[in-house]
Amino acid sequence: MEEISEGVNSMNLGGDSQKKNRIQVSNTKKPLFFYVNLAKRYMQQYNEVELSALGMAISTVVTVAEILKNNGLAVEKKIMTSTVDIKDDSRGRPVQKAKIEILLGKTENFDELMAAEAEEKNAEDDEQI
């Protein structure tokens, strides 16, 4: 969890246009469960999280959302798709990329499930000592 806290604290939140509860997912920078755990943390803080991705990272966002839903932690509130123009310096012209944004909210038993998960982790840590 410490590395997640570091990730949250070091994230570049440039400008007021960026929402505090948005996670912009890349399919190359971090492992899948980094985003799953980060989304859990954001839901604890803000009650909902917006997962956002472009192009090839879209499948990662969908997988993260499905893991959270299948574990009973999140419900889908909204899914938005669009295309955005990205400037490609090598071609000298804009390239269109697919974009997805998935808004997830906490389930009613989110806090109970997170408490049980934390207890399980503490029990494992105690066994290792």
Side-chain angles (χ1 to χ4, degrees):
M1 276 306 225
E2 284 177 24
E3 63 187 28
I4 293 170
S5 297
E6 289 171 24
V8 171
N9 294 335
S10 68
M11 287 185 106
N12 182 11
L13 299 175
D16 292 336
S17 64
Q18 177 132 11
K19 296 177 185 174
K20 285 189 167 109
N21 65 334
R22 176 182 288 167
I23 300 172
Q24 292 179 309
V25 176
S26 162
N27 61 345
T28 56
K29 292 184 182 172
K30 301 280 183 193
L32 180 71
F33 275 88
F34 170 83
Y35 294 112
V36 171
N37 291 323
L38 187 59
K40 288 180 192 177
R41 175 74 59 93
Y42 275 33
M43 283 194 292
Q44 283 177 322
Q45 290 179 337
Y46 304 110
N47 293 326
E48 60 184 26
V49 64
E50 184 178 300
L51 302 170
S52 174
L54 293 174
M56 301 298 283
I58 289 174
S59 62
T60 304
V61 162
V62 171
T63 303
V64 169
E66 286 300 312
I67 288 169
L68 293 167
K69 284 173 29 187
N70 291 337
N71 288 328
L73 297 168
V75 290
E76 265 173 35
K77 287 187 166 184
K78 193 178 196 181
I79 299 177
M80 298 158 285
T81 60
S82 61
T83 53
V84 292
D85 288 331
I86 305 291
K87 189 176 181 207
D88 186 354
D89 291 330
S90 65
R91 295 186 187 166
R93 59 185 165 88
V95 176
Q96 285 200 323
K97 287 230 178 196
K99 179 179 183 180
I100 191 166
E101 295 169 292
I102 302 175
L103 184 63
L104 298 174
K106 283 177 159 182
T107 56
E108 287 180 16
N109 57 347
F110 175 88
D111 294 319
E112 296 164 26
L113 291 168
M114 290 300 289
E117 193 176 293
E119 257 181 53
E120 233 176 70
K121 186 174 181 346
N122 288 339
E124 286 175 15
D125 290 347
D126 290 345
E127 287 176 13
Q128 290 178 356
I129 295 176

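Shortest non-hydrogen contact noted between Leu51 and Ala39 is CD2-CB, 4.3 Å. Across Thr107 and Gly72, no two heavy atoms sit closer than the pair OG1-O, 2.7 Å. Here the closest non-hydrogen pair linking Ile58 and Lys99 is CD1-N, 4.2 Å. In this structure, Gly105 and Lys77 approach most closely via the heavy-atom pair CA-CE, 3.9 Å.
The NZ atom of Lys40 sits 9.5 Å away from the CG atom of Leu113 when rounded to the nearest 0.5 Å. Separating the OG1 atom in Thr63 from the CG atom in Asn70 is a distance of 10.5 Å, to the nearest 0.5 Å. Met43 contributes atom CE, which lies 4.5 Å from atom CZ of Phe110 (distance to the nearest 0.5 angstrom). Atom-to-atom distance recorded for Leu103:CG and Glu76:CD is 10.0 Å, nearest 0.5 angstrom. The CD1 atom of Ile67 sits 9.5 Å away from atom CG of Asn37, with the distance rounded to the nearest 0.5 Å. Between atom CG of residue Asn109 and atom CG of residue Leu73 there is a gap of 8.0 Å, rounded to the nearest 0.5 Å.
When hydrophobic residues (I, L, V, M, F, W, Y) are linked wherever their side-chain heavy atoms come within less than 4.5 Å, the members clustered with Ile86 are Leu54, Val84.
The shortest side-chain heavy-atom distance between Glu101 and Gln24 does not fall under the 4.5 Å cut-off. Asn71 has its side chain out of reach of Val36: every pair of non-hydrogen atoms, C-beta onward, lies at least 4.5 Å apart.
More than 12 heavy atoms of other residues, nucleotides or ligands sit less than 6.0 Å from atom NZ of Lys69. No more than 12 heavy atoms of other residues, nucleotides or ligands lie within 6.0 Å of CE in Met56, so this atom counts as exposed by the packing criterion.
Criterion: ILVMFWY side-chain heavy atoms under 4.5 Å apart, direct or through other members. Under it, Ile79 and Leu104 are part of a common hydrophobic cluster. Grouping the Ile, Leu, Val, Met, Phe, Trp and Tyr side chains by contacts below 4.5 angstrom, directly or via other members, places Phe34 with Ile102. Linking Ile, Leu, Val, Met, Phe, Trp and Tyr whenever their side-chain heavy atoms come within less than 4.5 Å puts Met114 and Ile23 in one cluster. Under the 4.5 Å side-chain contact rule for hydrophobic residues, Leu32 and Ile100 share a cluster. No single ILVMFWY cluster, assembled from side-chain heavy atoms under 4.5 Å apart, contains both Met80 and Val62.
Judged by distance alone, with hydrogens and angles left aside, the side-chain atoms of Thr83 form no donor-acceptor pair with the main-chain N or O of Gln96 at under 3.5 Å. When atom types are taken as modelled, the side chain of Tyr42 and the backbone of Glu50 share no donor-acceptor pair closer than 3.5 angstrom.
Remark: Lys106 engages Asp111 in a salt bridge (Lys or Arg N to Asp or Glu O under 4.0 Å) (not counting sequence neighbours).
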